[in-house]
Amino acid sequence: MTDLIIIGAGPGGYKAAVYAAKKGLKVTIFEDVHVGGTCLNVGCIPTKTYVHSATFAEAVERQPQVVEALRGGVETLLSHPNITLVREKGVFINANTVSGVTAKHIIVATGSSANMLPIPGADGQNVGSSTELLGLKELPKRLCIIGAGVIGMEFASVFQKFGSEVTVVEYLKECLPMVDGDIAKRLRKLLEKRGITFYMGAGVKSIDGSTVLFEQKGKEVSVEADYILMATGRKPNVSPDFANAGFDYDERKGIAVDENFETSVKGIYAIGDVNGRQMLAHAAEMQGIHVVNHILGARGKEQGARVDGIRFDVMPAAIFTEPEAACVGPTEDQLKEQGVPFECHKSFYRANGKALAMNETEGMVKLCCEPDEGKLLSAHVFGAHAADIVQEVTAYITLGATLRQLRETVHIHPTLSEVLIEVN
Ligand code: NAI
């Protein structure tokens, strides 16, 4: 007997499976590609392996080793006696049955895939998504990246380091729209100084062999490249058999869910990229835990399921460029738009002893809080280990702490995290 069916063994699906199994639920999980999903196999993990490799050749060699080691770890976790892993596509027969298995509760965690622009020439051999770029065995001499979002910026940074001549073409005026404009601009300028060419406010219209054609300020411009990376967002992986279950979904927006990630059909949930809420591996994981807690309900409390206070409104994110950028909470502009009373505090890495010692002086922190050093609202950072610094502020925001309390917290000297208490 199965209590819970999960479709997809990415970070959302497999973490939910393991958590549910530990709480005593019998789980059947379907996966037709590799366990670990996009994140482990062709996303976060391979990309970080590239970031932490000195050369392209080293990255290409290390990537499969790192991925296989982690995949092995996930397989072990999924060998729990309460879990049955079915290595095939889970197909909805009706609202309770997936590929012949019936259960009261179902979690759809099918993820997302690259959104390729429907422009002429997009199907060219030298055009691909981040998945194809990570599969290249030879370093492209000239790399053109369409889109300066998270994927575009991460690949621009790492391929420039490996020696590619990198050009980024972005439709908007600034890169990384979810990051504070000040921070995003400084990061872009830093990467420009390193030799990456950016065309901002430039919409790509077509690709002709190795030529990328776009328009900037009313002028036709073109860039020549050996490889063209399309980094123009991702789309939820929906499947025609979802109609057999009867829940609401949309090809573009994904599966509609409520605050418990339950679809319009009771007992069927959708977590991670497929619900289009927050396309981040850690968001998917936490959504899965929340759903399992929701399914367990009162019974879960007896079994030690945590009282669920996950703050989905406090969702940190990081961009693994060199140096990193990271954020949690609204940008300064968003706070202004919302008419929220706030004040803004800044500090710079160049004034931090550890940053100087590390020769990592390029960086900036922006903290927004309620007036008079009140409740912390957001942190936007670029610089070495920005993700770790933002993680600290995430804890303060989650617990409702003030900037004053942050300043009163003793910070080890010398550390990068002192940039937080050094804000003006
Ligand atoms: P994105 O939505 O972050 O950025 C896409 C960019 O492409 C936008 O800035 C857009 O203006 C631009 N664009 C669209 N059409 C264009 C055109 N015709 N010409 C020029 N520019 C154009 O999407 P991205 O970077 O592909 O990432 C996809 C998702 O994956 C995001 O939700 C992201 O958060 C997630 N992700 C997160 C990572 C992390 O947390 N470190 C790493 C990689 C991906």
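Sequence positions, counted from 1, serve as the residue numbers for this chain. In listed order, ligands and their atoms are each counted from 1.
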Just to verify, what does S417 make a side chain to side chain contact (heavy atoms under 4.5 Å, CB included) with, not counting sequence neighbours?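 For S417 the side chain to side chain contact (heavy atoms under 4.5 Å, CB included) partners, ignoring immediate neighbours, are E392, H411, T415.
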Hey, is the main chain of [Y] close enough, under 3.5 Å, to the side chain of [X] for a donor-acceptor pair?
{"X": "S164", "Y": "V166", "value": "no"}
{"X": "N260", "Y": "E262", "value": "no"}
{"X": "K366", "Y": "A379", "value": "no"}
{"X": "E132", "Y": "V127", "value": "no"}

May I ask you to check whether Y171 has an N/O atom sitting below 3.5 Å from an N/O atom of ligand 1?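 Right, the criterion is met.
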Distance-only N or O hit between ligand 1 and G233, under 3.5 Å: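 By distance alone, the answer is yes.
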What residue and heavy atom of the protein are closest to [atom], and at what distance?
{"atom": "atom 5 (C) of ligand 1", "answer": "A231 O, 3.3 Å"}
{"atom": "atom 41 (N) of ligand 1", "answer": "A318 O, 2.7 Å"}
{"atom": "atom 14 (C) of ligand 1", "answer": "T232 CG2, 3.6 Å"}
{"atom": "atom 4 (O) of ligand 1", "answer": "G149 CA, 3.3 Å"}
{"atom": "atom 28 (C) of ligand 1", "answer": "R234 CG, 3.5 Å"}
{"atom": "atom 11 (O) of ligand 1", "answer": "E170 OE2, 2.6 Å"}
{"atom": "atom 43 (C) of ligand 1", "answer": "I151 CG1, 3.4 Å"}
{"atom": "atom 36 (N) of ligand 1", "answer": "V150 CG1, 4.0 Å"}

Proximity of T47 to ligand 1 by residue part, where a heavy atom lies under 4.0 Å: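 Answer for T47: neither.
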Mind checking whether E154 contacts ligand 1 via backbone (N, CA, C, O), side chain (CB onward), both or neither, at a 4.0 Å heavy-atom cut-off?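 Side chain only.
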Would you mind listing every side-chain hydrogen bond (donor to acceptor under 3.5 Å, both in side chains) that reaches into residues 270-280, with sequence neighbours excluded?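 Listed by first then second residue: S112-D273, N275-Q287.
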Which of these, L280, I146, L229, has its nearest heavy atom closest to atom 40 (O) of ligand 1?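 Looking at heavy atoms only, the winner is L280.
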If you measure from CZ on F30 to CD1 on I7, what distance do you get to the nearest 0.5 Å?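 So the gap between those two atoms works out to 7.0 Å.
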Are H294 and F261 an aromatic pair by the rule of ring centers under 6.0 Å?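 Ring centres of F261 and H294 not closer than 6.0 Å.
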Ligand 1 contact by A317, heavy-atom criterion under 4.0 angstrom: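 The answer is no: ligand 1 sits nowhere under 4.0 Å from a heavy atom of A317.
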So, does A202 sit close enough to ligand 1 that a heavy atom of it is under 4.0 Å from the ligand?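 Yes, A202 has heavy atoms under 4.0 Å from ligand 1.
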Whether F242 and F92 hold their rings parallel, tilted or perpendicular, with breakpoints at 30° and 60°: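 Correct class here is perpendicular.
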If the plane angle is over 60° it's perpendicular, under 30° parallel, otherwise tilted; pick one for Y50 and F159.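 Aromatic pair Y50/F159 classed tilted.
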